[in-house]
Amino acid sequence: MFKKGDMQMKDVFVFKIIKLAVLYCSFVMVCIFGSPIAASASEVTPQSSRASSTVEITGRWNQGPVFASAVSGNYLYFGSSGTVRVVAVEKDGSRNAVAWEEVASIQTDGVVRDMILRDDHLYIADGSGWLRLVNIKNPRKPKLSGKLELDSEIKAIHIENDRVYIAAGWKGIHMIDVSKPHKPELIDSFPSKGYSLDLVVKEGIAYVAAGHDAGLQISDLSNPSEPKALGSHPIAGSASGIDTNGRHVFVVNMDDHEPSLSIFDVSDKDNPTQVAAEPLEYGAERVRIDGNLAYVAGVANDAGLIVIDIADPANPKKLGAWWDSTCSESVTIDNQIAYLAHGDQGLEVLDVRKPDEPIVIKHFSAAGHVRGIDTQGDYAFVANGYRGLKIVDVTDGANPKDVSELKTYRALDVDVAGPFVHVADDWAGYKLIDISDPTNPLEVSSLDTPGYAEGIQVNGHYAYIADGEGGLRILNVSNPKQPVEVAAVSLGGYAYEVSVQNDIAYVAAGKAGLVAVNVSIPTSPIILDSYKFSDRKFEARGVDVRGAHAYLAAGYMGLLVVDITSPNDLKSAGIFETKWRANNVSISGDRAFLIDSASIKVLDIRNPEAPVHIGDQKLPANAARIHANDVGVYVAGMESGLIIFEP
């Protein structure tokens, strides 16, 4: 076989030589016999005797984070993961909003990143790369008018006249003709400097918040066939949100040293002049201008809503704020009501008639970033980020239903054992939750860990926690009310996930690789061996163990199969290379389900030394973990929620 231990790239070279040899032999056999007898590990065609080669989406639980909202007349629209939720707004005689009722929804493939309203159409920027135009003449019965797929990220959207402008990350700005709503057409793309995160267009002039280092960028797009770069101005950190009132442009950034609302005089488009900077504590995602007020959707220490008086742009003054620990994403203003997209927490409706005292008057719940998943019986137990533990009834995989939730700090992984769910709760460490009544989960106990609890597995009376920089932590949980840490193992890397088999804990420990730890005596763990590459592409991020092999999601190297017959002598066994970063893997029967940044890869592993690619399923957004069993394949889809596939 191949050399083990402190692997170099020669191991991968050997694999590639073997793959070329197999291909050559196949070619020779075709020439002699007229039909192929073999192919490479990544190109083999599945035979009829193989298991099903694809997975198909059965259902989605996707009431996920809220990033954007829009208001028109008596209706509010806000994105919640892969859904736009439509809310009827009751207003009094002074046009003040006084009540809200959810009346319809619009499904999208990806996560709703931004949206904007114009006349009878809602323009939706879908994170999977689509612009969707939805006819909302009857808001209670929205209908898709047209859509356009774009080969890029979509970060923000703006409309002027019959053109939609999209901030498209490294691709700059897309310009789209929407004069025919049933047939939107891409006019052109303009490679604006930097990474386009937000934009606003006024009389054909585009003002762009261009991320790290590029700051404010100004372009003349009045003639789409001849776009021109005009002026720019540096801004510390990452310029993330932008708006304008015509004479002035307002930009928010995120930065450790100089976070602020920066105000620029843009009367000379070639030479914008900064006239003021209202300091923030960390920064913000977005800013919206309404009259003489700027509304800032802040993050970290500025999380929530901040109201700033800009009547005199050279002397801005902070008036008031509503603070919450969860970061906000954007804000929409309608007649002194602020609709704050509150990420994992949902949508906050705030009365801002007194700008120095914003008050929440309505809340729409949403879900967090789904990070981990385990199943037991009819239920899926979801590590739902800042929303904590979510319990979902998956009896009917096509129609998953909310059962209950219990808020924790930031749930990243879960493991179910009998009447308990064990939670890896990020910075807060470990949580033990009683689920004997799934409709009423109860926290029983907790224990802080020194690192960031990323992954967890329970074996008998012990919980094994992949604790980030804190290494492997071992807890005795025989007394549910009083878990006790009994041992810790420093791994020399960042512990992402742990899988325990036959008294050996296999830890995916980042650059330190796959580390095998003897835990036959949990109070005295012993490192037996490690398996790693020095190549910069290598990073052990996920692991699942079956029989004599450990399957390692190894970052940009793909899937590595490790022979663990002798845990103190780990050896290379097989490899499947991926274009994107492999994040996690789960084994069910003779198949491995590997998630990368774009899709699920289905691999036949009946011969672990030569994994065979037999199918793909595109994902609507990045995923964190995958859990496969005989019933289904469950993907912790981060912003896109819980996605259920048929195996």
Side-chain angles (χ1 to χ4, degrees), residues 1-19 21-22 41 455 457-460 462 464 466 471-472 474 489 491-493 495-522 524-535 538-555 557-577 582 584-594 603-613 628:
M1 287 303 297
F2 309 99
K3 289 184 69 178
K4 70 104 200 173
D6 200 12
M7 297 293 176
Q8 306 298 318
M9 279 309 295
K10 60 186 178 183
D11 298 305
V12 177
F13 177 74
V14 170
F15 280 124
K16 290 183 176 179
I17 291 296
I18 291 174
K19 286 172 68 177
V22 171
Q457 184 171 340
V458 177
N459 190 20
Y462 295 90
Y464 299 85
L472 175 67
I474 304 175
V489 183
L491 303 170
Y496 285 101
E497 191 169 41
V498 57
S499 183
V500 182
Q501 177 179 280
N502 298 329
D503 290 331
I504 308 295
Y506 297 90
V507 186
K511 292 294 184 181
L514 177 67
V515 182
V517 183
N518 187 326
V519 292
S520 57
I521 303 176
S524 300
I526 301 171
I527 292 179
L528 300 177
D529 197 11
S530 63
Y531 168 92
K532 63 182 179 180
F533 285 87
S534 60
D535 184 81
F538 175 80
E539 184 182 27
R541 298 184 65 87
V543 60
D544 199 2
V545 177
R546 290 292 187 277
H549 295 91
Y551 298 84
L552 189 65
M557 289 191 72
L559 176 72
L560 300 180
V561 185
V562 184
D563 186 335
I564 58 171
T565 305
S566 299
N568 57 354
D569 186 23
L570 302 177
K571 297 178 179 179
S572 299
I575 185 172
F576 173 80
E577 299 174 55
N584 203 243
V585 61
S586 183
I587 310 301
S588 180
D590 59 10
R591 288 187 292 174
F593 298 89
L594 180 73
L603 308 174
D604 186 319
I605 54 169
R606 285 182 289 182
N607 178 4
E609 296 179 5
V612 176
H613 181 208

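All figures in this text were calculated on a predicted structure; none of them were measured in a lab. One-based numbering along the sequence shown.
- Of all heavy-atom pairs spanning Gln457 and Val500, the tightest one is OE1-N, 3.1 Å.
- In this pair, Tyr464 and Tyr462 present their aromatic rings tilted. The plane angle is within the 30 to 60° band.
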Next on the checklist: side chain to side chain contact (heavy atoms under 4.5 Å, CB included), that's the test. Do Lys571 and Tyr531 meet it? Break it down for me.
Outcome noted: CA-CA 7 Å; Lys571 297 178 179 179; Tyr531 168 92; over 6 Å; no
Donor-acceptor pairs are to be reported for all side-chain atoms of residues 504-522 against protein atoms at under 3.5 Å, with residues two or more places apart or in another chain.
{"residue": "Lys511", "atom": "NZ", "partner": "Arg536", "partner atom": "O", "Å": "2.7"}
{"residue": "Lys511", "atom": "NZ", "partner": "Phe538", "partner atom": "O", "Å": "2.8"}
{"residue": "Asn518", "atom": "OD1", "partner": "Ser520", "partner atom": "N", "Å": "2.9"}
{"residue": "Asn518", "atom": "OD1", "partner": "Ser520", "partner atom": "OG", "Å": "2.7"}

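- Glu497 contributes a side-chain N or O that, together with a main-chain N or O of Val543, makes up a donor-acceptor pair within less than 3.5 Å.
- Remark: the backbone N or O of Val612 is not paired with any side-chain donor or acceptor of Asp604 at under 3.5 angstrom.
- Residues Leu560 and Phe576 have side chains not in contact (no heavy-atom distance under 4.5 Å, counting atoms from C-beta outward).
- At least one side-chain heavy atom of Ile605 sits under 4.5 Å from a side-chain heavy atom of Ile587.
- In this structure Thr565 satisfies the side chain to side chain donor-acceptor pair (under 3.5 Å) test together with Asp563, sequence neighbours excluded.
- Side-chain atoms of Asp529 come within 3.5 Å of backbone atoms of Leu570 as a donor-acceptor pair (strictly under, hydrogens ignored).
- Shown here for Ile564 and Ala550, the closest heavy-atom pair between the two residues is CG2-CB, 3.9 Å.
- No side-chain heavy atom of Val585 sits under 4.5 Å from any side-chain heavy atom of Phe593.
- One distance of note links CG of Leu594 with CG of Leu552; it measures 10.0 Å at 0.5 Å rounding.
- Pro611 approaches Leu603 most closely through the heavy-atom pair CB-CD1, 4.4 Å.
- No donor-acceptor distance shorter than 3.5 angstrom exists from the side chain of Arg541 to the backbone of Asn584, with no hydrogens or angles considered.
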